[in-house]
Amino acid sequence: MNWNQIEGNWEQFKGKVQQNWGKLTNDDLDVVRGNRKELAGKLQERYGKAQEETEREIDEWLAKH
């Protein structure tokens, strides 16, 4: 699966994203709206991780779906 598919079906993937990253709120996910850069930014904000680490986590999550 690629990110374009996730972006196009964001409403379906919001729950899966929230399962993986439980600190993200519904409001966070509404702001993200499937935008990968926004997701990475929210993850950095909520979890205090470096950009490289959040990008790696997103890539790993994407590979699973």
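On a predicted model such as this, the values are computed, not experimentally measured, just so you know. For this chain, numbers begin at 1 and follow the sequence in order.
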Sequence-distant partners of [X], side chain to side chain contact (heavy atoms under 4.5 Å, CB included), two or more places apart:
| X | answer |
| --- | --- |
| R33 | none |
| K23 | R46, Y47 |
| Q51 | Q44, E55 |

Legend entry - Interatomic distance, L43 atom CG to I58 atom CD1 [nearest 0.5 angstrom]: 5.0 Å
Counting only pairs under 3.5 Å, give me each side-chain donor-acceptor contact of residues 8-16, with atom names and distances, residues two or more places apart or in other chains.
residue : atom : partner : partner atom : Å
N9      : ND2  : Q5      : O            : 3.0
W10     : NE1  : L29     : O            : 3.1
K14     : NZ   : D30     : OD1          : 2.8

Legend entry - Chi angles and distances behind the salt bridge (Lys or Arg N to Asp or Glu O under 4.0 Å) call for D59, K64: CA-CA 9 Å; D59 288 339; K64 287 191 251 180; over 6 Å; no
Inset, instruction - Please report the shortest heavy-atom distance between N2 and N4, naming the atom on each side. - result: OD1-N, 3.0 Å
Inset, instruction - Please name all residues satisfying side-chain hydrogen bond (donor to acceptor under 3.5 Å, both in side chains) with Q19, sequence neighbours left out, ordered by chain then number. - result: none
Inset, instruction - Dump the intermediate steps for side chain to side chain contact (heavy atoms under 4.5 Å, CB included) on W21 and D28, then the final yes or no. - result: CA-CA 11 Å; W21 294 289; D28 290 337; over 6 Å; no
Residue pair [X] / [Y], side-chain heavy-atom distance below 4.5 Å:
| X | Y | answer |
| --- | --- | --- |
| K42 | V31 | yes |
| L39 | L24 | yes |
| E7 | R36 | no |

Legend entry - Any residue meeting salt bridge (charged side-chain N to carboxylate O under 4.0 Å, His left out) with E52, in chain and number order, not counting sequence neighbours: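 E52 satisfies salt bridge (charged side-chain N to carboxylate O under 4.0 Å, His left out) with no other residue.
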Legend entry - Set of residues satisfying salt bridge (charged side-chain N to carboxylate O under 4.0 Å, His left out) with respect to E38, sequence neighbours excluded: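 E38 satisfies salt bridge (charged side-chain N to carboxylate O under 4.0 Å, His left out) with no other residue.
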Inset, instruction - Consider only side-chain heavy atoms of I, L, V, M, F, W and Y, link residues closer than 4.5 Å, and tell whether V17 and L62 are in one cluster. - result: yes
Inset, instruction - For W3, check ring pair (Phe, Tyr, Trp, His ring centres under 6.0 Å) against everything at least two apart and list the hits. - result: none
